[in-house]
Amino acid sequence: MPTDTDATVIELLLAQHDQIEQLLHRVSSIQSTAKREPFEDLVRLLAVHESAEEEILHPFARRSGIDQGIVDNRLAEENQAKHVLSELYELGVENVEFDTKFQEFAHNVIEHARNEEKEEFNHLAEHCNRTELTRLATLVRAAEAIAPTRPHPSGGESAAANLLAGPPLAIFDRVRDMVRDWNRKAGE
């Protein structure tokens, strides 16, 4: 893969899809509260990843001439995933229902990623040049830097909703993350 700054948006997001899939498998394979840390890593990665896709990738795909139904389907899947991920987060890895709900969630996330890769990524690869796709990766990285670190299903799934609600939610999430990490270190 090219260096990080030379990566196209497709290469960047494919690498993130791989990370997400690895974390899904890792959380699924651990049978104790030790899954808390990889689950929190997954929550953060999915929240940031999906927020950037909603702000940058999907609007760009719409402008590039893709069938609008494809983008609408991906947005609906992402919105559903936000709701389920939020429920799982609130449920907690210790809850007896967590593993069953998580398995279905993991299956849906992987299916969503495959559909995105097959439909949106292939369309962009065919209709955009490498320079455009590399610039798009830069925009995705910038959006991820200010994205919330938890799913906020009530925030909506449009680019406008993410741009309006995202930064304040991101600050709140990142402060919560710091407090959580500090409390864990203090408890050790």
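FYI, side chains are in, hydrogens and waters are out, and symmetry mates aren't considered; it's all heavy atoms of this structure.
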Going by side chain to side chain donor-acceptor pair (under 3.5 Å), name the residues that satisfy it together with Glu132, two or more places apart in sequence or in a different chain.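 With neighbours one apart ignored, the set is empty.
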With a 6.0 Å cut-off on ring centres, are Phe105 and His112 close enough?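 No; His112 has its ring centre 6.0 Å or more from that of Phe105.
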Does [X] reach the side chain of [Y], with side-chain heavy atoms less than 4.5 Å apart?
{"X": "Gln16", "Y": "Gln19", "answer": "yes"}
{"X": "Glu77", "Y": "Glu116", "answer": "no"}
{"X": "Val84", "Y": "Lys101", "answer": "no"}
{"X": "Leu85", "Y": "Val43", "answer": "yes"}
{"X": "Leu13", "Y": "Glu53", "answer": "yes"}
{"X": "Phe60", "Y": "Leu124", "answer": "yes"}

Going through the checks in order, is the side-chain hydrogen bond (donor to acceptor under 3.5 Å, both in side chains) test met by His58 and Glu120? CA-CA 8 Å; His58 300 316; Glu120 274 185 281; 2.8 Å; yes
For Arg135, the option from Leu133, Thr138, Thr131 that meets side-chain contact (heavy atoms from CB on, under 4.5 Å): Thr131
Would you call the rings of Phe102 and Phe98 parallel, tilted or perpendicular if under 30° counts as parallel and over 60° as perpendicular?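 Rings of Phe102 and Phe98: parallel, as their planes differ by under 30°.
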Does the pair Asp72 and Arg62 meet the rule for a salt bridge (charged side-chain N to carboxylate O under 4.0 Å, His left out), with working shown? CA-CA 10 Å; Asp72 291 342; Arg62 283 189 194 280; 2.6 Å; yes
With a 6.0 Å cut-off (strictly less than), is the heavy-atom count around CD of Gln68, excluding the residue itself, greater than 12?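 Enclosed.
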Pair Glu111-Arg114, salt bridge (charged side-chain N to carboxylate O under 4.0 Å, His left out): steps then yes or no: CA-CA 5 Å; Glu111 185 176 311; Arg114 297 301 171 256; over 6 Å; no
Could you pull out the closest heavy-atom pair between Glu54 and Pro59, with the gap in Å?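 Answer, listing the atom of Glu54 first, then Pro59: O-CD, 3.3 Å.
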Is there a donor-acceptor pair closer than 3.5 Å between any side-chain N or O of Ser29 and the backbone N or O of Arg26?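 Looks like yes, one N/O pair under 3.5 Å.
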For the pair Asn79 (side chain) and Leu75 (backbone), establish whether a donor and an acceptor sit closer than 3.5 Å, ignoring hydrogens and angles. no
Using the rule given for side-chain hydrogen bond (donor to acceptor under 3.5 Å, both in side chains), can you reason through Ser28 versus Gln103, listing the C-alpha separation, both sets of side-chain angles and the distance that settles it, and then say yes or no? CA-CA 7 Å; Ser28 294; Gln103 292 305 318; 3.1 Å; yes
Can you tell me how far the CZ atom of Phe121 sits from the CG atom of Asn115, to the nearest 0.5 Å?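 Phe121 CZ to Asn115 CG: 11.0 Å, rounded to 0.5 Å.
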Do the side chains of Glu11 and Arg130 get close enough for a salt bridge, i.e. N-O under 4.0 angstrom? yes
